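A short worksheet on the structure shown next.
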There are 2 protein chains.
Amino acid sequence: MENVALQNLVSSGHVSDPESPRGRLLLKAARLFREKGYERTTVRDLAAAVGIQSGSIFHHFRTKEDILKAVMQETIQLITARMQAAVDIERDPVAQLRALVRCELESVNGETGEAMAVLVYEWRSLSPDNRAEILVMRDHYEGLWLSALEGVKAAGKLETQPSVARRLLTGALSWTSTWYRPDGRMTLDDLTEQVMLMLKLA
Amino acid sequence: MENVALQNLVSSGHVSDPESPRGRLLLKAARLFREKGYERTTVRDLAAAVGIQSGSIFHHFRTKEDILKAVMQETIQLITARMQAAVDIERDPVAQLRALVRCELESVNGETGEAMAVLVYEWRSLSPDNRAEILVMRDHYEGLWLSALEGVKAAGKLETQPSVARRLLTGALSWTSTWYRPDGRMTLDDLTEQVMLMLKLA
DNA sequence: TTACAAACCAAGCGCTTGCTTGGTAGTGTC
DNA sequence: GACACTACCAAGCAAGCGCTTGGTTTGTAA
């Protein structure tokens, strides 16, 4: 199911094939940007990670910043598609919210985790123009969250303002990447449950 | 009251006088590191911000990284003292928790906000040794949170594990610096209230 | 076999970076 | 009035940075 979503995005050209040189470079870039930060990562690091010369990078991307932008764009495309699919399955607002929490935790801590962290924490390294472009894409994603939260509020199960609740959750969930270990005792389902318990919505 | 805490720390040598060249440099450094990130901030930027030559920086600090470290150390000292004072006033666990939330929100979004953001988001730029040093200082700070949360749990008003709750709150609260505007409609008390509402502890 | 584009190499340019060096002005102390 | 100390300047070095250039290999399809 996840692969189908990915394949659709690949064949529609929104996300590059992870087998292609470009796709492989983006995967390595996400990991390095996450580990060392965008600024501390040099094009020589990137080139070494995929086994080419530093100059050859610029056959695939115009500038180093374009690599960062591409990582962010493709990540947003992927997780928005995932999120949409997750929310479409459920009808009950609380169940929708749980699905979103679970899905975002998976995005943050799963395979796309490195890229997600880059998306969240490296936006300062983008030029204003590029930043604006990414923000537009994020709006759709955030829309999914807001309508779910408004549903929960309408059901009388949320006291916080939906927009504030979303922002508090954004921080709480994305921060998990700094402490949560997927290979530890706590599963992603456990973690999801803890979040819902915090909201007293379990 | 706040100034007394600051003065104590200054006279004990734990925090440098904001009037001194060193102190002024640290203030500007915190702002620049926050705005542009540590890596994107050059020693020439720092020097220009306090009106001296770039080389003169190294009369006050051995390396650029030492500046980052000092910003973090002094910030931790300051907010721990504040936090301790806030928690000492209250007896009821929920009231203690509210005080901590309020205090951390103030640290994140008030005068020390820039330095706090640096503390939270720029630790990757520290060498492993320096990182370890900062982590030790953070443990005491986190201890205050944990005992308060355990108190709330013992009172039957918290279902999440205290350690998990703290981490979720860390993310939620520190993330406010990216979206909350102290000069907007919502006051810090309002924001504190929204957080407590999210936890259904208002 | 030829044609051609995609993928890459080897070399290095121009610039910025953190940091060093040797020296100077101002201030307080005995 | 000699000494010491803090705070700074002016100049620049060595290393590393993003990126360019001209040319070579490799895969594909006519």
Side-chain angles (χ1 to χ4, degrees), chain A residues 10-11 13 15-33 35-72 118 122 124-131, chain B residues 10-11 13 15-33 35-72 118 122 124-131:
Chain A
V10 168
S11 55
V15 166
S16 38
D17 184 356
E19 308 283 329
S20 72
R22 182 188 158 99
R24 262 183 294 120
L25 180 58
L26 286 178
L27 283 176
K28 296 285 191 183
R31 163 156 297 162
L32 284 171
F33 289 166
E35 259 177 42
K36 325 208 296 172
Y38 171 77
E39 300 290 342
R40 276 185 114 86
T41 305
T42 69
V43 293
R44 287 167 179 81
D45 290 336
L46 292 173
V50 292
I52 60 176
Q53 292 295 104
S54 68
S56 307
I57 295 275
F58 298 92
H59 174 70
H60 302 283
F61 295 91
R62 272 183 44 257
T63 65
K64 183 189 171 192
E65 190 179 327
D66 272 3
I67 303 177
L68 177 61
K69 185 179 167 189
V71 167
M72 291 182 165
V118 171
E122 300 288 346
R124 262 179 328 191
S125 295
L126 285 179
S127 72
D129 282 359
N130 284 334
R131 213 177 290 180
Chain B
V10 168
S11 54
V15 166
S16 37
D17 185 356
E19 307 284 328
S20 72
R22 182 188 158 99
R24 262 183 294 120
L25 179 59
L26 286 177
L27 282 176
K28 296 287 190 181
R31 163 155 297 162
L32 284 171
F33 289 166
E35 258 178 41
K36 326 205 299 171
Y38 171 76
E39 300 290 343
R40 278 186 113 89
T41 306
T42 70
V43 292
R44 286 168 178 81
D45 291 335
L46 292 172
V50 292
I52 60 177
Q53 291 294 105
S54 68
S56 307
I57 294 276
F58 297 92
H59 175 70
H60 301 282
F61 295 92
R62 272 183 44 258
T63 64
K64 182 189 170 192
E65 190 179 327
D66 272 2
I67 304 177
L68 177 61
K69 186 181 167 187
V71 168
M72 291 182 167
V118 171
E122 300 286 346
R124 262 181 328 193
S125 295
L126 285 180
S127 72
D129 282 359
N130 283 336
R131 213 177 290 180

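What's counted below: heavy atoms across the whole structure, side chains too, no hydrogens, waters or symmetry copies. Remember, predicted model here, so these are calculated numbers, not experimental data. Protein chains get the first letters and strands the later ones, always in sequence-line order, with residue 1 at the start of each.
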Hits for salt bridge (Lys or Arg N to Asp or Glu O under 4.0 Å) against B:Arg31, two or more places apart or cross-chain, chain-then-number order -> B:Glu114
Listed once per pair and sorted, the salt bridge (Lys or Arg N to Asp or Glu O under 4.0 Å) pairs that draw on residues 54-65 of chain B, sequence neighbours left out: B:Arg62-B:Asp66
Which residue pairs satisfy the ring-ring contact (aromatic ring centres under 6.0 Å, His included) criterion with at least one member in residues 50-72 of chain A, sequence neighbours excluded? none
I'd like to check the salt bridge (Lys or Arg N to Asp or Glu O under 4.0 Å) partners of B:Lys69; sequence neighbours left out, ordered by chain and number. B:Glu133
Which is more 5' along DNA chain D, the nucleotide nearest B:Ser54 or the one nearest A:Lys64? Just name the residue. B:Ser54
What is the separation between atom NE2 on A:His59 and atom C1' on D:dT26, rounded to the nearest whole Å? 12 Å
Which residues in residues 44-53 of chain B have a heavy atom closer than 4.0 Å to any atom of DNA chain C? B:Arg44
For DNA chain C, the residues among residues 24-31 of chain B that have a non-hydrogen atom under 4.0 Å from it: none
Establish, with yes or no, whether the OP1 or OP2 oxygen of D:dC9 is under 4.0 angstrom from a side-chain nitrogen or oxygen of B:Ser56. yes
Please name all residues satisfying salt bridge (Lys or Arg N to Asp or Glu O under 4.0 Å) with A:Arg131, sequence neighbours left out, ordered by chain then number. none
B:His60 vs D:dC8: side-chain N/O to OP1/OP2 distance below 4.0 Å: yes
First contact, last contact: which nucleotides of DNA chain C are these for chain A, 5' to 3', heavy-atom distance under 4.0 Å? C:dA6 to C:dG12
Does any pair with a residue in residues 46-60 of chain A pass salt bridge (Lys or Arg N to Asp or Glu O under 4.0 Å), and if so which ones, sequence neighbours excluded? none
Does the side chain of A:Met72 come within less than 4.5 Å of A:Leu126's, by heavy atoms? yes
For a quick check of understanding: with a heavy-atom distance under 4.0 Å over all strands, which category does B:Ser20 fall into, base, sugar-phosphate or nothing? nothing
To the nearest 0.5 Å, how far apart are CD in A:Glu122 and CD in A:Glu39? 8.0 Å
How would you list, by chain and number, every residue that makes a side-chain contact (heavy atoms from CB on, under 4.5 Å) with B:Leu46, sequence neighbours excluded? B:Leu25, B:Ala29, B:Leu32, B:Phe33, B:Thr41, B:Ile57, B:Ile67
Listed once per pair and sorted, the side-chain hydrogen bond (donor to acceptor under 3.5 Å, both in side chains) pairs that draw on residues 42-56 of chain A, sequence neighbours left out: A:Lys36-A:Asp45, A:Thr42-A:Asp45
Restricting to salt bridge (Lys or Arg N to Asp or Glu O under 4.0 Å), what partner residues turn up for B:Lys28, sequence neighbours left out? none
